[in-house]
Amino acid sequence: MAFWGKAKKVEPDVGLDPTRLPQHVAIIMDGNGRWAKRRNQPRAFGHRAGVEALRAIIRESSDLGIKALTIYAFSTENWSRPKDEVSALMSLLLEFFGREIDELHENRVCIRILGDVQGMPAPQREALVAAMDKTGGNTGLKLNIALNYGSRMEIVRAARTIAERVEHGEIRAEQVDERLFESCLYTVGLPDVDLLIRTSGEMRLSNFLLYQVSYAEFVVVDTLWPDFDLAAYRAALMEYQKRDRRFGGVKA
Ligand code: FPP
């Protein structure tokens, strides 16, 4: 599929097996701050470069036919960052939707926000709701953007929803199973995460998709997020294809 009308820099990688791609890729886009610091620039400069890296990864995921891509853009803990950095991230978000939404829509990308949208500032909230409304019926790549998101908060929220349903007599406690629980998460209806990528070498989950990564393969790369290009993405996908996934069982 010709995407965003631009030629891609890297030719399709013959080494990737198109029949064994992950259905759902999640990415912790880490290292924007360090990338900027190495260039004696403010952290916001790194976030801006991070958005450019993200655009290419969205395109590639769509071109490869990956079903779902979930990216960690802003956590519930990120509000504690310096005011000017938070405000730069909020501006970038508005800019991203302003610039990209039509092309994402034309390319059938379906956008979902994971997180507390109501807790976002009004202009961002309106842009997010408009993006979800516009693209909600699209059948292409499911692009999930974790924003004002925390996994513990998501799990507690699901538990509360279920407790209320039990309290109101809608369901009995013994009916609570994994399927019901999953239907109360922001990721309802999405396949489990197959591959979790974290850039910048840090080996932690940072309160991201704790439930959904139960059987995900983890690939941590030293590359800082703004430098994570198509070649790096394909290398991570290749690494995933080398893994022996047993889901707690044994090899036949
Ligand atoms: C982590 O790097 C990155 C973030 C907290 C923000 C990620 C956001 C973007 C890539 C752009 C915004 C997204 C959209 C959808 C417009 P860090 O700042 O913690 O880096 P450091 O660990 O080197 O300090």
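Worth saying up front: this structure is predicted, and the values here are computed from it rather than measured. For ligands, and for the atoms within them, numbers begin at 1 and follow the listed sequence.
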Can you pull out the closest protein heavy atom to [atom]? Residue, atom name and distance to 0.1 Å, please.
| atom | answer |
| --- | --- |
| atom 4 (C) of ligand 1 | His47 CE1, 3.9 Å |
| atom 8 (C) of ligand 1 | Ala73 O, 3.7 Å |
| atom 11 (C) of ligand 1 | Val51 CG2, 3.5 Å |
| atom 16 (C) of ligand 1 | Phe96 CB, 3.6 Å |
| atom 10 (C) of ligand 1 | Asn32 ND2, 3.4 Å |
| atom 20 (O) of ligand 1 | Gly33 N, 3.0 Å |

Selection residues 124-148 - residue pairs positive for salt bridge (Lys or Arg N to Asp or Glu O under 4.0 Å), sequence neighbours left out: Asp102-Lys134
State, yes or no, whether a side-chain contact exists between [X] and [Y] at a heavy-atom distance under 4.5 Å.
| X | Y | result |
| --- | --- | --- |
| Trp225 | Arg34 | no |
| Arg157 | Asp116 | no |
| Tyr72 | Asn144 | no |

Leu224 contact mode with ligand 1 (heavy-atom cut-off under 4.0 Å): neither
From CA spacing to verdict: side chain to side chain donor-acceptor pair (under 3.5 Å), Arg198, Ser206: CA-CA 10 Å; Arg198 180 164 189 150; Ser206 302; 2.8 Å; yes
Option of least heavy-atom distance to atom 15 (C) of ligand 1 (set: Asp30, Leu54, Leu89): Leu54
Nearest candidate to atom 17 (P) of ligand 1, where distance is taken over non-hydrogen atoms, out of Arg34, Arg43, Met90, Met29: Arg43
Test item: side-chain donor near acceptor, Arg245 and Tyr240, under 3.5 Å: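 Looking only at side-chain atoms, Tyr240 and Arg245 do form a donor-acceptor pair, the distance falling under 3.5 Å.
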Residues His24 and Gln212: side-chain donor-acceptor under 3.5 angstrom: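 Gln212 and His24 do not have a side-chain donor-acceptor pair below 3.5 Å.
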All side-chain contact (heavy atoms from CB on, under 4.5 Å) counterparts of Ala49, not counting sequence neighbours: Trp35, Pro226
Contacting atoms of ligand 1, where contact means under 4.0 angstrom from a heavy atom of Asn78: 5 (C)
Residue-ligand contact Ser200/ligand 1, heavy atom below 4.0 Å: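 Ser200: no contact with ligand 1 (<4.0 Å).
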Close approach, Arg81 and ligand 1, non-hydrogen under 4.0 angstrom: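 Yes; Arg81 lies near enough to ligand 1 that a heavy-atom distance drops under 4.0 Å.
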